[in-house]
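I have placed the structure first, in the form of structure tokens, so that the comments after it can refer back to it.
Because the structure is a prediction, the values reported are computed rather than measured. Throughout, a chain's letter reflects where its sequence line sits, starting with A, and its residues are numbered from 1.
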Amino acid sequence: MNEYKPTIGLEIHIQLDTKTKLFCGCSSQFGEKPNTHICPVCLGLPGALPVLNEKAVEYGIKLGLTLNMKINKESTFYRKNYFYPDLPKGYQITQYTIPIASEGFLEIKTEKGKRKISIQRGHIEEDSGKSIHTGDITESTYSYIDFNRSGVPLMEIVTYPDIETAEEAYHFLVLLRKTVRYLGVSSGDMEKGALRCDVNVSLSKSNTMGTKVEIKNLNSFRSIRKALEYEIKRQTEMLKNGEKTIHETRHFDEKTGATKPMRTKEELNDYRYFPEPDLPPLLLNETFIEDIKNSLPELPVQKEERFIRQYSLSDAYAYEIASSIELADYFESIAKATGKPKEVANFLMGSIMKFLNETEKTISEIDFDEKKFIEFLSLLEKGIISKGIAKEVIVESLKTGKSPKKIVEDKGLIQITDENKIEEIVQQVLKENPEAVSRYLAGKTQVLGFLAGQVMKKTKGKANPQIANKLLTEALNKIKQ
Amino acid sequence: MTITDLPISSLINKLRNKEITAREVIENYAKNIYEKEENIKAFISLDIEKALKRAEELDKMDEKKGLLFGVPVAIKDNMNVKNCETTAGSKILKRYISPYNATVVKKLKEENAIIIGKTNMDEFAMGSSNENSSFFPTHNPVNYDYVPGGSSGGSAAAVKGEEALAALGSDTGGSVREPAAFCGIVGLKPTYGLVSRYGLIAFSSSLDQIGPLTKNVKDSAIMLNAIAGFDPHDETSVNIKKEDYTELLGKEIKGKKIGIIKEVMEFNIQEEIKEELNKTISTLVKLGATIMEISIAHLKYALPAYYIVAPSEASSNLSRFDGVRYGLTLQGENLTSTYELTRTEGFGEEVKRRILIGTFALSAGYYDAYYLKASKVRKMLANEFEKAFETVDTLLLPTTATTAFKLGEKKSPLEMYMSDIFTIPVNLAGLPAISVPHGSDKNGLPIGIQLIGSWFKEKELLQIAYAVEPG
Amino acid sequence: MIDIDKIEKLAALKLKEKEKKAILNDLEEIIHYFEILKEVDTEDVEPQIYTKEACLFLRKDKAENGLNKEDLEKNKTLASGNFYRVKHIIGE
């Protein structure tokens with residue numbers, strides 16, 4: 001047990017998925033040619049003025065409410081002043097003294113149980129442009145700037161230093177990402193920069209505060225976990241050796257899995273925050289907030305609990321299915337239409353998920369609708385197909401889009417329930433596998449599975465397994481006598 | 001009487017009645033420009049060819065529509081005009097071609113005004129004499145040895161010199177009213193939020209307001225009709241009902257209450273200006289108005305508060321001039337030195353001085369003592385004005401404590417700042433105010449009388465200004 | 001009182017020694033003048049940043065056309081690939 005207690009705080013920037021930028025009508029879509037989504041406002045031309053995007057405010061409130069935060073009826077914008085070539089105005093418009101949302105929490109589940117992680121604030125701000133460096137950042141002669149991202153809306157979520165392990169940080173982020181996707185306020189894609197996270201970590205013995213170390217360049221949840229694990233270990237060792245940790249910013253190296261002190265130019269951190277005079281206070285009325293509150297969807301955790309309650313799903317399935325709103329919606333519509341939630345969940349988490357993973361598709365991209373699912377389950381129920389064949393039917397239907405019935409007909413996959421036919425095959429199998437038969441007779445009854453498998457193989461999976469098993473046992477027992 | 005003597009309403013009447021053509025109007029103004037511009041130097045850029053072309057287009061129109069049909073206007077060079085050079089009087093923006101129109105410019109064009117050129121100004125509107133222009137100083141058309149005032153000095157001089165019939169200026173601490181007073185024309189600073197600032201190169205965002213400079217009060221009201229109104233591109237513009245600002249002109253002012261600010265009289269004011277102020281009071285009394293003494297107790301703190309707030313905002317507003325996307329760029333050996341070279345070379349001395357004051361006032365450890373304190377003083381002033389307007393309709397005071405001074409008359413920055421002492425409180429409170437010419441001093445230099453109205457009471461303010469405007 | 005070097009750096013300016021000295025003198029005089037504000041009792045006064053009854057209005061999330069390459073290139077030539085190019089950001 002580590003005698004030093006880690007204290008971890010997260011600062012997460014979430015790109016709000018609006019059509020246009022925070023303060024101008026430029027498209028906030030990505031992947032366009034550099035400097036094509038720009039206007040006098042987001043390029044910082046002389047005389048241009050910002051006008052706040054309603055959707056960004058709505059999304060900010062949505063996220064705030066979901067994170068159990070207080071929505072401030074009056075919030076203000078400030079200017080954060082510093083020079084950087086991707087910051088066209090020489091200042092960033094952000095919220096400072098009174099953010100749109102404050103004081104909330106998110107409850108996470110870890111192996112050790114539930115934990116509430118407190119959130120200090122959530123504020124709306126504009127993103128900067130993008131600097132691209134050729135070659136090594138320290139060696140390139142020029143940097144290239146694209147302002148398409150300049151002014152894209154962000155919501156920054158700042159947690160209290162409540163998190164105690166790398167594991168918890170990871171779970172917090174996973175749940176937060178799930179939540180923003182659920183709300184539809186952000187794609188939450190870290191690799192696309194739609195979710196960015198800085199962490200700070202300090203270690204201390206008792207309740208005294210340790211020295212804060214910030215870690216940057218964290219490009220995936222995995223690196224965040226790894227960086228934190230590394231940093232906790234590094235700081236623990238230092239403290240154990242009687243060394244002092246220093247307040248610094250460290251850079252995570254994906255390749256080595258280590259953090260290194262960041263080589264920065266000596267910088268003056270005096271941002272000269274002051275109220276943005278171009279933007280009067282944002283005043284929100286009760287109905288505006290209330291309407292948003294009423295439009296909030298059911299959240300992952302609530303949905304998960306309901307699935308367990310309502311459909312008697314296992315914890316693991318409920319968690320998995322509820323983790324994506326598309327998956328959950330698909331499941332519910334089929335479960336309702338078929339009245340067989342457990343079977344639906346089994347096939348969804350089995351064959352369908354496997355297919356999705358292999359083809360790198362999402363649930364919304366496949367064509368296996370309610371009608372097909374009902375037809376499929378009825379084939380199964382009526383004993384027309386066996387469970388083994390069922391998987392094949394689903395995959396075939398997913399691949400070709402054909403209806404399950406058609407597949408069964410075309411491929412002759414109808415289950416064999418004729419006892420005479422199966423008996424014939426059972427006898428063949430017994431004849432071809434004398435060794436297995438003698439092993440069974442010697443008491444190794446588990447060989448039965450192997451023999452049943454052989455029967456299925458010979459019938460291409462079409463034999464009704466119950467009948468096959470029954471006939472096999474009977475035949476073996478006959479030999480035994 | 002020549003065409004250039006005509007005020008806006010008469011000119012438009014003649015154009016509508018086809019007594020004259022828009023082309024003739026521009027030709028007449030062009031003649032003045034050819035004759036006088038060499039001495040006045042009101043313009044940074046002029047495009048008479050374009051103006052003539054536009055005039056011809058207007059002449060071809062069957063319907064002579066627009067509040068400013070055929071009116072030649074000059075625009076202060078801190079307002080964006082699409083595809084035109086827009087410099088804000090600064091070397092850092094020399095040859096900067098704007099890709100968009102300021103809202104006021106759009107509105108003027110919609111009213112069929114003809115833009116004749118962009119006027120000279122103190123760099124980024126920081127100054128009271130036009131001597132802070134990066135390019136050249138403008139001369140007062142009344143006497144070329146004197147400054148036209150600033151920072152809208154070019155606009156004031158263009159109207160006084162009859163190089164344009166009307167002009168737009170911007171007023172952050174008196175930059176429309178002071179040059180209007182120095183040149184002997186009318187200058188109006190509307191209520192903060194009445195006229196859109198979109199496309200106005202910001203000096204101090206919470207104080208800047210665009211206003212017209214005109215021959216007389218009626219022209220001022222007509223210009224305001226054209227430029228006032230809510231703009232969805234400016235969050236500080238106010239959505240109020242559209243009004244006709246000429247509506248009350250000439251209506252009797254009997255029973256109006258006019259306030260004289262006690263504290264103003266404690267300042268050192270040029271004798272002749274006091275006399276003109278007294279004459280104005282007599283006129284008002286004769287017209288049936290009541291004169292009352294009121295107090296704005298914190299008036300003297302307006303100047304220091306202003307010189308904290310304005311430079312602070314300016315220091316941030318001017319950060320965008322970094323040489324990356326437009327304007328002057330001087331390449332250094334690295335990015336930081338490129339910034340420093342560009343800005344140090346591109347900005348003039350006064351601008352750098354104010355950037356440094358503002359940067360200091362906002363820097364860690366000083367924010368509360370300066371910016372916050374000044375903002376509180378600002379609130380106190382606004383409260384005092386609000387109280388005053390519970391009793392009076394309008395306040396009367398001089399626009400400036402002295403008449404125009406000579407070009408190159410060496411003054412320290414602080415002395416220079418003092419020339420805005422009577423105009424600054426208005427901006428801090430966001431009120432509307434107008435400077436009306438009233439007589440002149442012994443050197444023949446014009447005197448300006450200032451009237452301050454309550455928030456969004458431009459109609460009533462113009463009514464009283466019209467009443468005191470000499471014949 | 002005024003750390004002119006720091007202020008200069010924050011403002012991205014680099015004055016020549018002579019100019020710096022003159023401006024520092026002016027600044028000190030001006031800032032000294034600000035001292036009279038200390039006479040004002042501002043306790044319990046809310047600062048006024050925005051003018052009367054100012055309140056933000058919200059813009060609908062609807063895309064508008066922005067600037068094109070010709071607009072931009074009137075003022076600065078873009079590097080290949082449509083980028084703005086600056087001297088390296090990090091390092092001396």
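Heavy-atom contacts from other residues, nucleotides or ligands closer than 6.0 Å to NZ of B:Lys109 number more than 12. Dense packing is recorded around NZ of B:Lys376, with more than 12 heavy atoms of other residues, nucleotides or ligands lying under 6.0 Å away. Surrounding NZ of A:Lys80 are more than 12 heavy atoms belonging to other residues, nucleotides or ligands, all under 6.0 Å away.
Among B:Ser316, B:Pro99, B:Ala202, the residue making the largest number of heavy-atom pairs under 4.5 Å with chain A is B:Ser316. Between chain A and the residues B:Ser315, B:Ser205, B:Gly327, the most heavy-atom pairs under 4.5 angstrom are made by B:Ser205. Most heavy-atom pairs under 4.5 Å with chain B: of the set A:Pro275, A:Gly25, A:Cys24, this distinction falls to A:Pro275. Put simply, of A:Asn81, A:Leu279, A:Asp278, the one with the most heavy-atom pairs under 4.5 Å next to chain B is A:Asp278.
Looking at B:Ala102, neither its backbone nor its side chain comes within 4.5 Å of chain A, counting heavy atoms on both sides. In this structure, chain B has a heavy atom under 4.5 Å from the side chain of A:Phe147, while its backbone stays farther away. Using a 4.5 Å cut-off between heavy atoms, B:Thr359 touches chain A through backbone and side chain atoms alike. Proximity to chain A (any heavy atom under 4.5 Å) is shown, for B:Asp234, by both the backbone and the side chain.
The shortest distance between side-chain heavy atoms of A:Pro280 and B:Thr236 falls below 4.5 Å. With contacts defined as side-chain heavy-atom distances shorter than 4.5 Å, the pair B:Leu93/A:Pro46 qualifies. The closest side-chain heavy-atom distance from A:Val51 to B:Pro232 is not below 4.5 Å. Using a 4.5 Å heavy-atom cutoff, the side chains of B:Glu340 and A:Phe83 are not in contact. Put simply, the side chain of B:Tyr198 reaches to within 4.5 Å of the side chain of A:Val41, judged on heavy atoms.
Here the closest heavy-atom approach between residue B:Tyr326 and residue A:Gly44 is recorded as OH-O, 2.6 Å.
Between the side chain of B:Glu313 and the main chain of A:Pro277, no donor-acceptor pair closer than 3.5 Å is present. The backbone N or O of A:Leu43 sits less than 3.5 Å from a side-chain atom of B:Arg325, completing a donor-acceptor pair.
Residue A:Leu49 holds its CG atom at 8.5 Å from CG of B:Asp231, rounded to the nearest 0.5 Å. Here A:Asp270 contributes atom CG and B:Tyr366 contributes atom OH; the two are 10.5 Å apart, rounded to the nearest 0.5 Å. Here the CD-CZ distance, from B:Glu235 to A:Phe77, works out to 9.0 Å after rounding to the nearest 0.5 Å. Of the inter-residue distances, the one linking A:Glu276 atom CD with B:Ser206 atom OG reads 10.5 Å to the nearest 0.5 angstrom. If you take CG on B:Leu372 and CZ on A:Phe274, they are separated by 13.0 Å, rounding to the nearest 0.5 Å. Taking OH of A:Tyr84 as the start and OH of B:Tyr339 as the end, the distance is 8.5 Å to the nearest 0.5 Å.
Against chain B, the residues from residues 88-95 of chain A that qualify, each with a non-hydrogen atom under 4.5 angstrom away, are A:Pro88, A:Lys89, A:Gly90, A:Tyr91 in number order.
Side-chain atoms of A:Arg79 and B:Asn317 form a donor-acceptor pair, as typed in the model, at a separation below 3.5 Å.
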Residues B:Tyr96, A:Leu45; criterion side chain to side chain contact (heavy atoms under 4.5 Å, CB included); working and verdict: CA-CA 11 Å; B:Tyr96 170 69; A:Leu45 294 193; 3.7 Å; yes

Could you give me the CA-CA distance, side-chain angles and deciding distance for B:Ser363 and A:Arg272, then say whether side-chain hydrogen bond (donor to acceptor under 3.5 Å, both in side chains) is met?
CA-CA 5 Å; B:Ser363 67; A:Arg272 290 154 287 137; over 6 Å; no

